[in-house]
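Since this is a predicted model, take the numbers as computed values, not measurements. In the text below, chain A, chain B and the rest are named by the order of the sequence lines, each starting its count at 1.
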Amino acid sequence: MHAYRTHTCNQLRAEHKGQTVKISGWVHRKRDHGGLMFLDLRDHYGLMQCVINTDNPLFSALEKIRLENVISVTGEVVARTAETINKHLPTGEVEVRVKAFELLSAPVTDMLPLQVNSDEPYGEEVRLKYRFLDLRRDVLHRNIVLRSDFVSSLRRRMTEQGFREFQTPILTASSPEGARDFLVPSRLHPGKFYALPQAPQQFKQLLMMSGFDRYFQIAPCFRDEDARADRTAGEFYQLDVEMSFVTQEDVFAAMEPVIYGAFAEFANFTGTRFKITKPPFVRISYDESTLKYGNDKPDLRNPLVITDVTSVFNRSDVEFRAFKEILAKGGVVRAIRTPKVSDRPRSFFDKLNDWARGEGAPGLGYVIFEGMEGKGPIAKFIPTAALAELQKLTGAGSGDAVFFVCDALDKAVPLDGKARTKIAEELDIIEKHTFKFCWIVDFPMYEINDKTGKVDFSHNPFSMPAGGLKALNNDGPLKIKAYQYDCVLNGIELASGGIRNHVPEIMERAFEIAGYSRGTVETKFGGMYNAFKFGAPPHGGCAFGIDRMVMFLADQKNVREVIAFPMNQQAEDLLMNAPTVVEPNLLRDVHIKLDLPKAQVKAAS
RNA sequence: GCGGGUGUAGCUCAGUUGGUUAGAGCGCUUCCCUGUCACGGAAGAGGCCGAGGGUUCAAGUCCCUUCACUCGCGCCA
C-alpha cells in the first residue's frame, strides 16, 4: 500500500464498498458522540467521512487529534445506511471505517488563528499573515483553482490561434508607462538601477521587430502605486499580447474569441450562469462614451443614457438663472433620462439631490414629465416649447424624469457618470449576472496636464496617431486621435492596447508635441529607436488584467480574493514580512547609504 | 499625503443615558453521549477593552493624541 494514500478524499463511492483504502489529509471536523466518533478528512479534492467507535483501541488516540492536523487513515470503505447518506457530499454514500491512522504533520498545539472549517469573514490582517490557513478554506481555495484553470484556458486559446508564449526580463530599464518604478540597485554598476517592468511593452514590440509575429505572455507587471479594492499594491498579472501586420480590428478579432471563450468556460463558477456578450463586442468611441456614459469605461448593464441638452437651457424662453450663469462661462447641461419614476416619492429625488451635494455639486436638478407637462422644482422655469425640445433630445416620455448636471465640461462629465450609476443603483435597474464587454476606441492622443497646463500624452506614447505625421503637423494636438483602445467589462477597464507607432520620424514628432526635445526618443528608448530604423513591421496589441478577469468570474469585490499571496493595502507582505530592513553589508554591496525621514530611522536600524 | 469606517477572549462579534464581578458563538481543557454531518449536553480556562494622555466619585463607553487594519480620494497612460 502507498505510504500516504490509495485514494483522494473525493474519490470514494459506493462502488468502492468493501475495499481497504488509505486516505490522507487535514482533520476538517470531528463529531464525537463518546461511543462513536465521525471525523471529516479534507484534502485538495474534497471531504471524506471516517468513523470509529470505542471497541477500536485507537479510539482515544484519534479522539485527541485536533483540527488541522495532517493524518493518514487506513480503513474499509463501507456503505452508509439509507438514512445516513449525506446528499451534500459527493462521497456521502460511503464512509471509511478506521483501522489505523498516523499523524503525518507535527502535532498542532497552538490555537488556530483562524478556523479553516468556517466561512466567517475574518479580518484581512489575520488572513494575510496566516495565508496558508486562509488558502485551505473552501471559497479562497476554489478561487485560486479557478485562477489556475482560467490562465490555462487563456494559454490554450492563445496557442491555438498561433500565438507563442515568450519570457521577457524582470530586471530591465524604466518603461514608458507613467507609474512609479520599483528600482533594483546594481552591484556591478555603482549608482545605477534596474527597474522592474511596469509591463513588457518595449520587449513585446521588440519581439515583433525581431520577426516573431504573434506574442503573448502571462506577464507580471510592477508599479509602485497605491492599492484599491480592484488593484493590488505593487504587482499584478496581464495577458500581454502583440501582433505584427495588423489593424485595430485584427487585434479585436484575435482577442474576442479568447476572452469570450474563457469567460464562457467559467461563467458558471459561482453556481449562477452569467450571460456574456458574444463577439463582436460593441465598439464605442471615446467621445461617444464620455457623452453617453460620463466616462471612458461604461457599465453597459446600466440602461440609462446621458444626452447633451445645453441647447434647451440656452433658449431665450428658459429663465433658469442658475444654469444660465454657468452656460455663460462655457458650461454644459447634461441630462439623464430616467424612465418610469414619476410615481416615486419626493424623498427619492431629495436623496439623489443630497447625494449630488455630497459629490460637491450644487445639487441634481430634475424635471418629471406627466403627459406634456413638467413637474418638479425647476419645471416652472422651462416653458412648454422648451419642454418639448427636452423630450425630443432625451427621448423622455410621460412618467419619465430627466436629471440635470450643469457645470464646466470637465466637471460635468465625471459627475454625469457617477449620477448615472447612482440613479441606476437606487432604481436597481443594473442587469444582474451579466458580463457586458465593449471596446472603447479613438482615444485622444494628447491631453492637457491639469497641473502643468502643458500638452501630455494621454495614454501610451508609443501609440500611432490617427492620420500619422500629417495630422501631427497640421491638426491641433487635442484634436488628434490615437489608435488606442480599451476593453471594458461592466464599468471596469479590463484591457488597454494600441496600434504602435513604428515610424521613427512620426515618433520624434509625437514626442516633440508632448514637450520632449528632439533626440529624447533616441536617448530614452535607444533600443526601440534603433529597431525602428532597421525595419519595423506595423504592429499592435493589448494587455488584459488577469486578476480583474478572475475577480469577475469569481464574483468577488476585491482582487485579494483571487490572488494566492497578495500584499495588504500598505504594500506589505505580512506572511513573508516584506519589505524589511536588510543587513548593512547587503547595502554596502549595492553601494547604498540610507537617508531616512527622522521618524523612520529607528525602525530601520 | 488626505477623508470615511473599524479596533473588546485565539477567531467572529454584542456591550444601553458613563455605574457592581465585561458577555455570546466557534475554538481550547475536562466530563456525559453509538449515526452525526455546523452533532448535542455539562463544567472550566482564557481579557492591559489597540496604545498614551485627559475629564469624572466612577471610563470599554465622553474628550485629545497616536498606532494598526480597511474602504475611498490623490496616484495608477
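When each of A:Q49 and A:R548 is assigned the nucleotide of RNA chain B with its nearest heavy atom, A:Q49 is the one assigned upstream, toward the 5' end. Positionally, the nearest nucleotide of RNA chain B for A:N53 lies more toward the 5' end than for the other of A:N53 and A:E125.
With sequence neighbours left out, the side chain to side chain donor-acceptor pair (under 3.5 Å) criterion links A:H16 to no other residue.
Among the atoms of the strands shown, only primed sugar atoms or phosphate atoms (P, OP1, OP2) are found under 4.0 Å from some heavy atom of A:E124. Base contact: A:T84 has a heavy atom under 4.0 Å from a base atom. A:E572 comes within contact range of the sugar-phosphate backbone alone, with a heavy-atom separation under 4.0 Å but no base atom that close. Residue-level contact check: A:D456 touches neither bases nor backbone, having no heavy atom under 4.0 Å from any strand. As judged by a 4.0 angstrom heavy-atom cut-off over every strand, A:R560 is placed among residues touching the sugar-phosphate backbone only. Contact annotation for A:R228: base contact, defined as any heavy-atom pair under 4.0 Å involving a base atom. Within the 4.0 angstrom heavy-atom criterion, only backbone atoms of the sugar-phosphate kind lie near A:R29; the bases stay farther away.
Here the separation of B:G4 from B:C13, taken at their P atoms, is 22 Å to the nearest Å.
The side chain to side chain donor-acceptor pair (under 3.5 Å) pairs that include a residue from residues 89-98 of chain A are A:Q49-A:E95, where partners are two or more places apart or lie in different chains.
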